[in-house]
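Down below is the structure, laid out as structure tokens.
Labels below follow one simple rule: chain letters A, B, ... track the order of the sequence lines, proteins then strands, and each chain is numbered from 1.
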Amino acid sequence: MWERATALPLLAHPLSLPSPAAGNYPFTLSSISSGGGATALLRVPPLASSFSSSSGREVWLNPKFNQQQRSPNPPHGRHDYLDRSVDMAALLADLSRSTTADELHAVMSPFLPSFSSSSRRPPLSLRFMLSLLSREPDYRRSLALLDWMLDAAGYPPSVVAYNVVLRNAARAGDFPLAAGLLHEMRSPSRSISPDHFTYSTLLSALSRSKLLDAALSLLPLMEEDSICPDLVLFSTLISLALKLGDHSKALALFSRLRAAGIAPDLVAYNSLLAALARAGLLRDARRLLADMDSAGIPPDTVSYSTLLAALVARRRFLEALTLFNEMRSPIRRLPLDLPICNIMIDAYGQMDMAREADRLFWSMRQLGVSPCIVTYNTMIRVYGDAELFGEAVHLFRLMQRQNIEQNVVTYNTMIQIYGKTLEHEKAGNLLQEMQRRRIQPNAVTFSTVISIWARAGKLDRAAKLFQQIRDSGVEIDPVLYQTMIVIYERAGLVGHARRLLNDLREPHDLSKDTAIRILAGAGRIEEAAWLFRRTEVKEMDAFRSMIDLFARNKKHKNVVEVYERMREVGYFLDSEMIATVLNAYGKLQEFEKAAAVYSEMEEEGCVFSDRVHFQMLSLLGMKRDFEGVERLMEKLSGDPDVDKKELHLVAASVYERANKLDDAARIVGRIMNRRSSFSNA
DNA sequence: TTAGGGTTAG
């Protein structure tokens, strides 16, 4: 429950100042000059120097202007606040930039009793004081002043006064106080309605502190107070939900935004794209791009990179390439920026298009984009995956020669590459080198090195390193210890493995399926495969992770091996897995088998995602069975579930890759026809 | 008076 907090005393160290007896004010009105109007010059005498850094200061006031307006022609180029009442307020405002709340309060406190409670609104000077106190580290003293204003001086409660105090409590992360104030406002004794500002400040502060549920709990209160959240608030909440990985909340919030009649802007749309992508609703995301066009907010580079990253993460490269071409096509002509270069270099690498990745990497500067550490790390990995080991090493050392920052990811990537080249000594050297350079190895580094050494037959060294890690108190994460356990088991040291589990207080009967999932998920291919082959796998997730692992590593034969084992057990695959298997058969040039899987699964009543159909289409193209391509296209054109635009794009790219440009153009023509008939309708 | 989006390693 929220609680009203105790306020700190207004003045931590009371200062003694002259009493405000007549004529003893700490400043004087010294002259009135002219110009366009009455401008008053206040001279702050040395008497007041205890709250001013200089021994005397000048403050210009123009009574013609309303309070808090800035003077159009500030004398001496100064910007001073102006107040019609020409009272202390202006001076306070000016001094507030160089004076502490304590000093100001010391100046003001003698006057406090003289403030009349009969007026409806506290004078500006008091309001300044409140605002200033609330900005101090001891922001709770603003609460004391608020209490004094309401209770002692008897001013009526005001939303603004509460908001000032609440804002700074919220900014300071003091949510019990902030929410306490909110409830106090709404209580019968105060009975003032929190306004839009009250909720905005509180909600955005809660969001900054990642307190999504607390923020959401305020929405019903807002509704009671008839305050509708605005675009800013909604998009803050949506992005927070996304950051916390709760895409369904993000989607729900977006629906509420729409229901409230708020038109999303580009960023809100991009957040929605991210939410859809994370929910795996890529088709909806793809459609949203078109919706954005109709809404007059065409997608930008970020929109595309959001979708691209999601497609790449799901290994849907064909669609990713199509999308990338689309963003660079004459219709869009969107510029490339750093993240999208990073995404594409990564994607090209995974697509076995290292040459394209390389070209993009080295042309970035011409595109006006400076590669960052992520770019370098990705490019090194792509070189390694393409077995361009010389290039990988060269780039790694080039970074050092050019003093480009390297981090633990850089080293982990490079160590992994030395694992591939079976240079376990060099892997070990890099481990030492990074430690010399004060780049802390992490669990990834250790499990990689241990795995490399074990594979090189250096079991002793691996075990010794593992022991060192344990002794050092570094947390042993599941991948690290599963790696070590499999190493022991492979070496026939079952006792060691059991003891390890025992020491780590892990149950010995931790299922092998789980172990497989952990190792496969981490890309520990040797260890996962070894375990997979000697385990009677039951869990679908274990199979899935193995298919993913082998697919990621382009071990197409092994993908098929997992598939066949699943069929033996009697499992049906989901769409994603079928597409992966089809792709593997394609890479193995086993088109007949692929076609058999496709029709068999269809007969079994599997509902395919578009991706499966498109994969099959692409296989037929690779097989140069263009009659088959046309037949399948015809069939899919009549399927209401298939996205027609996407279908045509895929078909066009199938013909393009087969170098049948006329056919590709014919298909593209169909897209254009569809488009024009759509716009005519 | 308030604000939001996409990228790297086991």
Side-chain angles (χ1 to χ4, degrees), chain A residues 131 160 163-164 166-168 170-171 195-208 229-243 250 253-254 257 264-275 277-278 299-310 312-313 337-347 349 369 371-382 384-385 406-417 419 441-452 477-480 482-483 518-528 549:
Chain A
S131 166
V160 178
N163 283 348
V164 166
L166 187 144
R167 173 194 58 194
N168 296 289
R171 270 192 193 159
D195 61 10
H196 190 269
F197 173 69
T198 318
Y199 283 109
S200 290
T201 43
L202 190 45
L203 271 163
S204 57
L206 284 168
S207 302
R208 259 201 303 276
D230 61 2
L231 176 61
V232 172
L233 256 184
F234 269 122
S235 72
T236 309
L237 292 174
I238 290 171
S239 60
L240 176 60
L242 281 173
K243 249 180 230 143
L253 281 162
F254 197 86
L257 179 151
D265 65 359
L266 183 56
V267 177
Y269 271 119
N270 286 344
S271 303
L272 176 60
L273 276 172
R278 291 212 203 139
D300 68 350
T301 303
V302 178
S303 323
Y304 276 93
S305 59
T306 306
L307 215 41
L308 262 176
V312 172
D337 65 4
L338 181 57
I340 205 152
C341 287
N342 293 341
I343 294 169
M344 281 315 294
I345 290 171
D346 175 45
V369 183
C372 68
I373 190 163
V374 175
T375 325
Y376 282 97
N377 292 347
T378 307
M379 195 62 229
I380 290 173
R381 196 214 71 222
V382 169
D385 288 349
Q406 295 186 315
N407 61 13
V408 64
V409 178
T410 322
Y411 274 91
N412 290 348
T413 308
M414 204 56 226
I415 288 172
Q416 173 71 16
I417 287 173
N442 58 18
V444 179
T445 325
F446 291 131
S447 82
T448 308
V449 171
I450 284 175
S451 168
I452 291 171
D477 82 345
V479 178
L480 187 46
Q482 287 299 343
T483 303
I518 291 171
L519 290 166
R524 280 271 94 87
I525 187 158
E526 297 266 335
E527 291 83 356
L549 174 67

May I ask you to verify if any side-chain N or O of [X] is less than 4.0 angstrom from the OP1 or OP2 atom of [N]?
X	N	value
A:R171	B:dT1	no
A:R524	B:dA9	no
A:R381	B:dT8	no
A:R208	B:dA3	yes

Are [X] and [Y] side-chain neighbours, meaning at least one heavy-atom pair lies under 4.5 Å?
X	Y	value
A:I450	A:L480	yes
A:L203	A:T236	no
A:N412	A:N377	no
A:L266	A:S303	yes

Checklist entry - Side chain of A:R278, backbone of A:L242: donor and acceptor closer than 3.5 Å? => result yes
Measure [atom1]/[X] against [atom2]/[N] and give the value in whole Å, please.
X	N	atom1	atom2	answer
A:Y269	B:dG4	OH	C1'	15 Å
A:I380	B:dA9	CD1	P	13 Å
A:I415	B:dG10	CD1	C1'	10 Å
A:Q406	B:dA9	CD	C1'	13 Å
A:I452	B:dA9	CD1	P	16 Å
A:L202	B:dA3	CG	C1'	15 Å
A:D300	B:dG4	CG	P	17 Å
A:L257	B:dA3	CG	P	17 Å

Any donor-acceptor pair under 3.5 Å between the side chain of [X] and the base of [N]?
X	N	answer
A:S305	B:dG6	yes
A:D477	B:dG10	yes
A:D230	B:dA3	no
A:S235	B:dG4	yes
A:S447	B:dG10	yes

Checklist entry - By ring pair (Phe, Tyr, Trp, His ring centres under 6.0 Å), which residues pair with A:Y199, not counting sequence neighbours? => result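 A:Y199 satisfies ring pair (Phe, Tyr, Trp, His ring centres under 6.0 Å) with no residue once adjacent residues are dropped.
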Item to check | Minimum-distance nucleotide (side-chain atoms of A:V408 versus B:dA9, B:dG10, B:dT2) | outcome: B:dA9
Item to check | Proximity to the side chain of A:V232 - top-ranked nucleotide from B:dG4, B:dT8, B:dT2 | outcome: B:dT2
When all nucleic acid strands are considered with a 4.0 Å heavy-atom cut-off, which category describes [X]: base, sugar-phosphate, or nothing?
X	answer
A:A310	nothing
A:A274	nothing
A:L480	base
A:T410	nothing

